[in-house]
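These figures come from a predicted structure and were not determined experimentally. All residue numbers refer to positions in the sequence shown, counting from 1. Atoms within each ligand, like the ligands themselves, are counted from 1 in listed order.
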Amino acid sequence: MREYKIYGGVPLEGRVQIGGAKNGALPLLFAALLAEGESVFYNMPDIGDVRLAGELLCRMGARVVWRDPHTVSVCRADFSPDSPDARLTGKIRASSYLLGLSLGGWGRASAPATGGCNFGNRPLNCHYDLFHALGATGDAALSAPRGLHGGTYTFPFVSVGATVNALLVAARLEETVELFGCATEPHVVDLERYLLLLGVRIEGVGTPHLTLRGSKHLVGHAYGVAPDDIEAGTYLLAACATRGRVELVSVTPRVLAPLLAVLEEGGCRVTCGRDSVLADAGGWVGGTVTETAPFPGFPTDLQPPLVAALCFGTRAATVRECVWANRFRYTAALEKMGARMDICGDTLTVFPTEMHPASMEATDLRGGAAMVIAALAARGRSTLEGVELIERGYENLPRKLRGLGAEIL
Ligand code: EPU
């Protein structure tokens, strides 16, 4: 297990470049295999989960080549959907996209073991309901003996993964698929835009109601991955915790609006440019009341970093986690640093108090990011083990933080 040593108490100051979105990059890699020819992706984040997804697809016969650290070319080559390597699929949640890809492209799919962060139960029931609604049969092994057909499906709740799988399975289907209740997260919209370029007809791009008509003759295309709103938010919240002044470059301020509203409510001054955001957090008091929700709500993936920043405010704050049933495991580490919080069901109340450094171990990707933020703000030396979990989703985190004046090794 690798670790970070963090000497906290230094306000973060400076500019930081935000990379491509992890959760946008992953569906694109899978979707590229639906097309003939090559797709080239720019602004790919060079992070653990993306490298792993690339390796998984290569083992299955695809060609995934990193031309430079942020440019990847992907080609179906000899891809076969059978026997995905369980050792690899079990490490990332995105391996569930093999279902939509394999069923949509090859008419059959075997259920991969999936991994990713542990928030308790992470079922795929509504992915399967959707596949069945389009003519697939089976469970562990899906097939479509009479072929897939068009249809209408209403998601019972918003699911990013199920919406991605719906787009993948419908992309080559030459019948109409109408979907209600789709996720509208920026990275889902990114996939919709890419599929349009491949030749899929989609009405309602960016809305919960999509009407798709696919084509068997999709052709690969170049595409630039959109900026990572969660990486961006993590740096903004680190600025708040340390009462610093940080400018993000290469971001989409409109997409960050749900977070920026919370920052302003907590006393941070925010100035947006065309593709930049400046956060002046000298007056950070916290004290916010926030609920996580699908886009355009406050993103669940920023809930742990927000809680870390609220520990360093001056007012009591509440955060309600409405997306995942069990996403507070990381709080034990913050309590080790002195945090006072009370968890009642899905609602966490933070009572700011003096925080001190500690030795911690990352519980998951964003929980680990929350621990980094707390360690940056608490005066003294903290150590954080298990940082591989964090590096699944953050590129060059220590280097970027050092660029903002942090002492992190
Ligand atoms: N759900 C079901 N049944 C389903 C699908 C989802 O009950 O068939 C429930 C989940 O248990 C959860 C909620 O619906 O309570 C939302 O789950 P969703 O399907 O939207 O999540 P996901 O696709 O598995 C992606 C991100 C997560 C992010 C969520 C929500 C990827 C690879 N993962 O997961 O990102 O938290 O959407 O926005 O895109 C992270 O990056 O740290 C991360 C965990």
Practice prompt. Quick one: look up the protein heavy atom nearest atom 39 (O) of ligand 1 and list residue, atom name and how far away it is.
Written response: N23 CG, 3.1 Å
Worksheet item: Where's the contact between K22 and ligand 1, heavy-atom distance under 4.0 Å: side chain, backbone, both or neither?
Response: side chain
Worksheet, complete the sentence: closest protein heavy atom to atom 19 (O) of ligand 1 is S159 OG, 2.6 Å
Discussion item. Return the closest protein heavy atom for atom 22 (P) of ligand 1 as residue, atom name and distance.
Written reply: R122 NH2, 3.9 Å
Item to complete: Check whether any N or O atom of H187, backbone or side chain, sits under 3.5 Å from an N or O atom of ligand 1, and answer yes or no.
Response: no
Practice prompt. Give the single entry among V160, N125, D364, D301 that approaches atom 37 (O) of ligand 1 most closely by any heavy atom.
Written response: V160
Worksheet entry | Close approach of R327 to ligand 1, heavy atoms, under 4.0 angstrom | yes
Worksheet item: Which atoms from ligand 1 have a heavy atom of L124 less than 4.0 Å away?
Response: 8 (O)
Worksheet item: How about F157 and F155: are their ring centroids closer than 6.0 Å?
Response: no
Discussion item. Could you identify the single nearest non-hydrogen protein atom to atom 11 (O) of ligand 1 and state the distance to 0.1 Å?
Written reply: W324 CZ3, 3.5 Å
Worksheet item: Judged by modelled atom types alone, do Y235 and E247 share a side-chain donor-acceptor pair under 3.5 Å?
Response: no
Worksheet item: Any idea how F30 and Y97 line up, ring-wise: parallel (<30°), tilted (30 to 60°), or perpendicular (>60°)?
Response: perpendicular
Fill in: Proximity flag P123 to ligand 1, non-hydrogen atoms under 4.0 Å
yes
Worksheet item: Which ligand 1 atoms does V323 reach within 4.0 Å, using its non-hydrogen atoms?
Response: 12 (C), 13 (C), 15 (O), 16 (C)
Worksheet item: Say you draw a straight line from CD of Q17 to CD of E395; how long is it, rounded to the nearest 0.5 Å?
Response: 10.0 Å
Worksheet item: Looking just at side-chain N and O atoms, do N165 and H127 make a donor-acceptor pair shorter than 3.5 Å?
Response: yes
Item to complete: Check the side chains of E321 and T292 for a donor-acceptor pair under 3.5 angstrom, ignoring hydrogens and angles.
Response: yes
Discussion item. Quick check: C126 and ligand 1, any N/O pair under 3.5 Å apart?
Written reply: yes
Fill in: Test of proximity, A162 against ligand 1: N or O pairs below 3.5 Å
no
Item to complete: Taking only heavy atoms of G161 into account, list the atoms of ligand 1 that are under 4.0 Å away from them.
Response: 19 (O), 23 (O)
Item to complete: Using distance alone, with no hydrogens and no angle criterion, decide if Y7 and S382 have a side-chain donor and acceptor under 3.5 Å apart.
Response: no
Worksheet item: Is there a donor-acceptor contact under 3.5 Å from the side chain of S102 to the main chain of A109?
Response: no
Worksheet item: Taking only heavy atoms of T300, which atoms of ligand 1 are found under 4.0 Å from at least one of them?
Response: 30 (C), 36 (O), 38 (O)
Fill in: Aromatic ring pairing Y330/F328, orientation class (parallel under 30°, perpendicular over 60°, tilted between)
tilted
Item to complete: Would you kindly say whether S143 and R108 are connected by a side-chain donor-acceptor distance under 3.5 Å?
Response: no
Fill in: Electrostatic pair K5-E3, nearest N-O below 4.0 angstrom
yes
Response to the item:
In ligand 1, the atoms that come under 4.0 Å of a heavy atom of L365 are 42 (O)
Worksheet entry | Side chain, backbone, both or neither: the part of Y128 lying under 4.0 Å from ligand 1 by heavy atom | neither
Worksheet item: Using a distance-only test with no angle check, is there a side-chain donor-acceptor pair under 3.5 angstrom linking D228 and Y394?
Response: no
Worksheet, complete the sentence: Nearest non-hydrogen protein atom to atom 2 (C) of ligand 1, with distance, is F157 CZ, 3.2 Å
Practice prompt. May I ask you to identify the nearest protein heavy atom to atom 41 (O) of ligand 1, giving residue, atom name and distance to one decimal place in Å?
Written response: R366 NH2, 2.8 Å
